[in-house]
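Everything below concerns the one structure shown next.
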Amino acid sequence: MTNPFQHEKNPTLDTNKPAMGGGWQVISYWAEKTLDVKGGMLWKTLLHKSACLSCAWGTGGQKGGFQNEDEENLQRCAKSVEAIASELMESIPQHFFEKYSISELQKLSSMEADRLGRLSFPVIKRTNSDRYERISWDEVYEIVTKSFQKSPERLSSYSSGRSSNEAAYLLQLLMRSLGSNNLADCSDLCHSASTVGLKKVFGSGTSMVSLADLHQSDCIVLIGSNAPANHPRLMNELIKLRDRGGKVIVINPLIEVGLVKFASPAYPLKSFLKGSEISSHYIQPISGSDTAVFLGIQKSLLENNWINYEFLQQHTEGWEAVIEQVRSLDWADIVNTCGVSREELEIAAEMIGTSQRVVFGWAMGITQQSNAVDNIFSIANTALLTGNAGKEGAGTMPIRGHSNVQGFGSMGVTIRLKEEIMQALEKLLQRSLSRVQGYDTRALIEASDRHEIDTLLCLGGNIYAANPDLTQAKRALGNIETIIYISTKPNLGHFHGLAKENTLILPVFARFENPHKTTTESGNNFVRLNDEGTSHLHQREGTDLISEVEFLSELADRLHSNDVINWRSLQDPKYIRQLIAKTIPDYAKISEIDDTNQEFTIANRIFHTPNFPTRSGKAKMFVTPLPKLELPTLASFNLPEHTKAIALILGTGRSYSQHNTVVYKDGDYYRGMPHRNCILMSKADGDRAGFQEHQRVTVRGNAGEMANVEIIYGQIREGSALMFYPEVNAIFKAPIDERCGTPAFKRVPVAVYI
C-alpha cells in the first residue's frame, strides 16, 4: 500500500532525555501549530467556549477557552492543542475507501490511521467485501434499526469520554429502554476500581476534592500517575503548592522527569526559565505493591502517634480492624513485598502525618492491578487515619483520563447503576426495567467470543485496541453480526474490529462543531457548557456529518415510535437536559443552564465536612491484605535454547504525545524513546542479562511476542519495564480484579531475549 499521507512530516525525536518536563518543547510545539497556515482555525477553536478535548483536568466552557473554573488564565496545555489540531485535519478523500482494501488499511499504525484525516461521510463494510464503501443515511438507519431488533441480552454498547453528557444519557436510556444493561465503557479499563472502591468507603465514587481545595492543601500524594504527559494542567497546581511550602510525595516505579522538575509556560518568570521542583520525596516500589506501600506508611503513622483517633471514632466504621491489622504486620514483610526501605516509608509517613491538609491523587498505576480495589481501600484508609477526608483542602482524588469519562458514569453509562437512578428511569419510561447484570468491557469481549452478542454500538473509543490480547479482541468482535462505530476520525478498531456481517463507521461533529449546546463533566465534578459551533468541513463537497445526539434520538424514535417519550424531540439537547435534571441525582442545576449559562459543581460530591452519603453517614474502612506478588521465571516462557534472556514485570503506558489509543507523535520526548517499538528498562537489568542499550530484542508475553524491540535505559525500578499501549496489548492476557473488571495492565510478566 502506498502510504496515503506520506507528504506528512513526522518530526524526528530528540533522544537526549530532557532535564525537566515542559519548557521549550511545549513552546516550540505551540508555535509550530499556531503559526502555520491553519493557525487561525486553531486559535479560533482554542478560544471557543467549549471544554478541552483532552483530559478530565482540561479547561474551557463558558469561562473561556483559556480559563479554568476558578478563572485562572493560561490554562491550556500542549495535549489540548494536539487534540484540536487532529480534529482540524482535512476530510478523507471521497474515493479513499474504494482505493484501499481492509488488508492494506490493517498495516497502518495508530498514528497513521489518525492522520488519514476526518471522517465526513458514512461507510460500510459488508459481508465478504474487502473494503469499505460509501452508504446513504437512509440505509444506515435501516441497517442499524434492524440490528437492534434483537433479544435484549444480545445488544451492547461501548463508549468513551469524547462525547457529551447528552449523548451519554441518550445512549443509556436507549439501551435500557430496549431491555439491555450491556453498557460497557472505556472507564471499565481504567478507573472502575476507583469508582467501586470509593463508593464502598465514602458512598460516592468521584473526587471529593475541588480545584479550590488544591489551593488550600499543604501536601499532595501522587500515586501511579504520569501527570506531566497525561494531565499537564495538574502540574500548575503542584508548582503552586511547592511555591507556598507544601510537599509532593510521588509513588511510581518509574522516575518521570516531569515529576522531578517541570517548567510551566503558565508561569514564565518563576517556572518556565529555570523549572520548578515538583517531588519532595520520590518512592519507587515494586510494580503492583502499592497496598504494601500504604500499609507501611500506616504502620509508621501508628508508631509515631500520627493517627487521628477522635476523627476515626466519630466519622468512620471498621477502623479498629484496620488499626489491628497494621499493628500486627511485620516490617520485614512490608519491606520485602514493596521493595521500599522502612526509612523511605517513614519519611512519607512523617510528611503526611505532620501536614494539615493532604490530598491523595492517583491514576492508572493504581487501578490497573489485579488487587486494584484494595489499592483504593489502602489509600482511603490512609486519608481517614489522618483525618484527611471531609475537610477543605484534603481528601481523595482519582485523576481521570478522557475529558468526559466521568460524565458518562454520572449519566448512567455503567453496569453498576444506582438504584435511585433506575427507579427514576422507570418512572420516566413508565415501565419496569431489566435488573439483569450487564457486561462491562472485558465481559463483553468474553461474551462476544462465545458468540453471545449480535449488535454492538460504539460511541467513540477503540474497543479493539484498548483490550489486552488483541488476537482475542479481533476474534470476538468478528463474531458480532453488526458493529456501528460513531467517530470523528479512523482508528485501528475500524480496520481490525470487523463484524461478521456489517461494520459501519458513522461520522460526527467534534465537540466544538456541534450545532447545539452540550455539557461535559470534569474529573473534579464541574459541569461545563459547550457553545454551538461550525465545522471547517461543512463547505467541502460530499461532507455528510451529523451530531451524536441526532443519530441516537433518530434511532430511538425508529425503535420506539409510539413510546411515552417523544424521542425525536430529544434532537434538541435542551430537552435531554430536562430529563437529566429529573433522573440523575444532584444534576438539578442542568435544567437551568440553557437560560443562565451558569456552569456548576455537582452537589453532594465535594466533602468539606465528614458527613458522607453512606447509610450511617460515616466512612467505612476495609482491611487490605498484603499483596502476594509472584515474580516471573524464564522457565515459564518456553524460550529457544542458548538465548540471553531476563524475566521482567512489564507495565503498559502512553507516550508523551498520545491520548488514549490515539498517537500524535511516534516517540516519547520525556523518556528518550525514539519510536513505539521500544522497551524501557533499568541498566542493571540490562547488564544482568548481557544486553546493551539500543540493542534489538524480542519481548514475549503469555499471548504472543514482539520482535525487533529497541532497549532504552531509564530510571525505572529493577525488575520492571515499560512498553507502549496499545501496541504491546497484542502479546499478553491480563488477570482482572473481579470486583471492578479492570485488567492488570501494569503488572504483565514478560521475557526479554535475543
Side-chain angles (χ1 to χ4, degrees), residues 50-61 77-84 86-87 110 114 157-169 171-172 183-195 205-207 225-227 229-234 361-364 367-368 397-411 413-414 440-441 458-467 485-489 491-493 508 510-512 518-528 530 548 652-655 657-664 725-726 742 745:
S50 58
C52 174
L53 297 177
S54 191
C55 79
W57 259 90
T59 59
C77 70
K79 291 192 75 68
S80 179
V81 177
E82 285 178 328
I84 292 172
S86 183
E87 297 293 352
S110 176
D114 183 72
S157 69
Y158 175 78
S159 50
S160 82
R162 67 162 299 279
S163 306
S164 64
N165 285 334
E166 291 74 19
Y169 185 85
L171 175 66
Q172 67 88 23
L183 285 145
D185 186 70
C186 66
S187 62
D188 300 331
L189 302 175
C190 54
H191 266 291
S192 180
S194 300
T195 303
T206 67
S207 173
S225 166
N226 182 17
N230 297 323
H231 306 88
R233 263 275 301 109
L234 178 57
W362 65 89
M364 286 180 283
T367 61
Q368 292 181 333
M397 184 181 73
I399 306 168
R400 299 186 188 271
H402 214 320
S403 56
N404 196 37
V405 66
Q406 186 167 295
F408 266 69
S410 295
M411 294 300 104
V413 181
T414 173
D440 64 14
T441 302
C458 293
L459 185 61
N462 184 352
I463 189 172
Y464 159 75
N467 270 279
Y485 293 111
I486 300 175
S487 303
T488 61
K489 298 170 297 174
N491 63 50
L492 294 179
V508 291
R511 180 174 297 158
F512 54 84
T518 60
T519 62
T520 55
E521 178 186 322
S522 80
N524 291 79
N525 306 298
F526 188 75
V527 175
R528 291 192 170 92
N530 309 300
E548 296 148 328
T652 70
R654 288 172 286 186
S655 65
S657 291
Q658 180 177 349
H659 180 55
N660 296 336
T661 64
V662 180
V663 177
Y664 299 124
Y725 155 104
T742 304
F745 288 102

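For the atom pair OG of Ser410 and CG of Asn525, the computed distance is 7.0 Å after rounding to the nearest 0.5 Å. Here the straight-line distance linking atom SG of Cys52 with atom CG of Asn404 works out to 12.0 Å at 0.5 Å rounding. Distance check: Asn530 CG to Thr520 OG1 gives 4.5 Å after rounding to the nearest 0.5 Å.
In this structure Arg511 satisfies the salt bridge (charged side-chain N to carboxylate O under 4.0 Å, His left out) test with no other residue, sequence neighbours excluded. Residues meeting the ring-ring contact (aromatic ring centres under 6.0 Å, His included) test with Phe745, sequence neighbours left out: none. Take Tyr464 and apply the ring-ring contact (aromatic ring centres under 6.0 Å, His included) test, not counting sequence neighbours, and it matches His496.
Inter-residue side-chain proximity for Lys489 and Ser86 is flagged as met; some heavy-atom pair is nearer than 4.5 Å. No side-chain heavy atom of His659 sits less than 4.5 Å from a side-chain heavy atom of Arg162. Residues Asn462 and Asn660 have side chains not in contact (no heavy-atom distance under 4.5 Å, counting atoms from C-beta outward). By the 4.5 Å heavy-atom criterion applied to side chains, Pro398 and Trp362 are counted as neighbours. Within the 4.5 Å cutoff, the side chain of Asp188 has no heavy atoms near those of the Thr742 side chain. Looking only at side-chain heavy atoms (C-beta outward), Phe408 and Cys186 stay at 4.5 Å or farther from each other.
A salt bridge is absent between Arg400 and Glu521: the closest approach of a Lys/Arg side-chain nitrogen to an acidic carboxylate oxygen does not fall below 4.0 angstrom.
In this structure, Gln368 contributes its side chain and Leu189 its backbone to a donor-acceptor pair below 3.5 Å. Judged purely by atom type and a 3.5 angstrom limit, His191 has no side-chain atom pairing as donor or acceptor with the backbone of Met364.
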Can Ser187 and Asp185 be said to form a side-chain hydrogen bond (donor to acceptor under 3.5 Å, both in side chains), step by step?
CA-CA 5 Å; Ser187 62; Asp185 186 70; 2.8 Å; yes
Check against side chain to side chain contact (heavy atoms under 4.5 Å, CB included), Leu53 and Glu87
CA-CA 10 Å; Leu53 297 177; Glu87 297 293 352; 3.8 Å; yes
